[in-house]
Amino acid sequence: MAKKSKIPQSKSGNYWLVKSEPDVFSIDDLYAAADQTTHWDGVRNYQARNTMRDLMKGGDKVLYYHSNAQPPSVVGIVEVVREGYPDHTAFDPKDPHFDPKSKKVTPTWYMVDVKFLEKFTTPLELGLLRTVESLAKMVLLQKGSRLSVQPVQPDEFATIVSMGRES
DNA sequence: GCCAACGTTGGC
DNA sequence: GCCAACGTTGGC
């Protein structure tokens, strides 16, 4: 059983996690997308916005989490391929994420582009992650944590990738 | 389907 | 600036 030996590294040293409902856009949808890339649009939370606009850098590695799934799980890794730029879906009155207070000259909402990197051999269920002592401080596992774009510590990232590659 | 936790809005 | 009301997230 060949294991990939290297944990993907962010050039910036920063790691992240993004949530998506698989019924809306799963990691398989990303795998099947043109260039295996998508823009991470529709985020309407200021903290997540700030992360995408100011902090996520090209080459940053990002865990992909399926929320509102059965069971909710971390399912793979994606990579930032385009840094923060205005979320155009906020400008479109016909779009469900339309926000009239976001103007093209002074956009309120930003997004990044992410590209598929790897799908784990085993989805890492939330319940399992809660049993791992070294992950206890993960933002994802904090009570009431709803942030859809969130930081991950380098050691947490490495632990999760190693777990996800086990068969 | 329920509901706790959270973020935002808006009256005062 | 306070805070009640509301809408949303997301696990269970």
Side-chain angles (χ1 to χ4, degrees), chain A residues 14-33 38-56 60-80 83-114 116-153 155-157 159-164 166:
Chain A
N14 294 321
Y15 299 85
W16 313 99
L17 177 147
V18 294
K19 298 180 183 176
S20 185
E21 300 188 30
D23 292 346
V24 178
F25 197 81
S26 71
I27 196 165
D28 294 326
D29 293 327
L30 180 59
Y31 183 84
T38 192
H39 37 250
W40 208 253
D41 62 80
V43 174
R44 298 292 180 265
N45 168 283
Y46 286 101
Q47 199 177 343
R49 185 280 309 268
N50 293 346
T51 298
M52 291 198 293
R53 186 187 61 187
D54 306 332
L55 302 177
M56 290 177 114
D60 280 3
K61 305 305 186 286
V62 183
L63 297 172
Y64 201 103
Y65 177 77
H66 281 170
S67 61
N68 268 318
Q70 295 123 40
S73 317
V74 179
V75 292
I77 311 170
V78 302
E79 176 178 36
V80 176
E83 297 179 5
Y85 64 108
D87 180 344
H88 57 77
T89 65
F91 305 138
D92 178 1
K94 292 188 295 292
D95 192 282
H97 299 295
F98 174 61
D99 183 354
K101 72 179 179 297
S102 184
K103 308 297 183 191
K104 287 190 179 177
V105 280
T106 52
T108 307
W109 304 115
Y110 282 73
M111 60 189 181
V112 296
D113 286 358
V114 297
F116 175 89
L117 265 196
E118 176 177 339
K119 185 178 173 180
F120 292 153
T121 49
T122 357
L124 300 174
E125 301 181 9
L126 192 60
L128 171 66
L129 297 179
R130 290 195 191 284
T131 68
V132 180
E133 206 167 339
S134 62
L135 298 179
K137 290 185 174 167
M138 270 193 88
V139 175
L140 180 71
L141 304 181
Q142 302 315 301
K143 186 176 181 183
S145 172
R146 304 193 320 187
L147 198 55
S148 65
V149 179
Q150 58 178 248
V152 173
Q153 296 307 308
D155 61 321
E156 295 167 347
F157 183 84
T159 298
I160 289 195
V161 172
S162 301
M163 289 174 66
E166 288 170 9

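To find a chain, count down the sequence lines: A is the first, B the second, and so on, and within it residues start at 1.
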Starting at atom [atom1] of [X], determine the distance to atom [atom2] of [N], rounded to an integer number of angstrom.
| X | N | atom1 | atom2 | result |
| --- | --- | --- | --- | --- |
| A:His97 | C:dT8 | NE2 | C1' | 13 Å |
| A:Gln47 | B:dC6 | CD | C1' | 11 Å |
| A:Glu21 | C:dG10 | CD | P | 7 Å |
| A:Asn68 | C:dC12 | CG | P | 12 Å |
| A:Leu140 | C:dT9 | CG | P | 16 Å |
| A:Gln70 | C:dG10 | CD | P | 15 Å |
| A:Asn45 | B:dC6 | CG | C1' | 10 Å |
| A:Arg44 | B:dT9 | CZ | P | 13 Å |

Among B:dT9, C:dC12, C:dG10, find the nucleotide with the atom closest to the side chain of A:Lys101.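 The answer is B:dT9.
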
Side chain of A:Ser67 only, heavy atoms from C-beta on: which candidate in B:dC6, C:dC12, C:dG10 is closest? C:dG10

Heavy-atom pair with the smallest gap, counting every atom of A:Gly164 and A:Leu124: N-CD1, 3.7 Å

Please determine if a side-chain N or O atom of [X] lies less than 4.0 Å away from the OP1 or OP2 oxygen of [N].
| X | N | value |
| --- | --- | --- |
| A:Tyr46 | B:dC6 | no |
| A:Lys143 | B:dA4 | no |
| A:Lys19 | C:dT9 | no |

Are A:Tyr64 and A:Trp40 an aromatic pair by the rule of ring centers under 6.0 Å? yes

Would a distance-only check, ignoring hydrogens and angles, find a side-chain to backbone donor-acceptor pair under 3.5 Å from A:Thr159 to A:Asp155? yes

Does A:Asp87 pair with A:Arg49 as a salt bridge, N-O distance under 4.0 Å?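 Salt bridge: no.
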
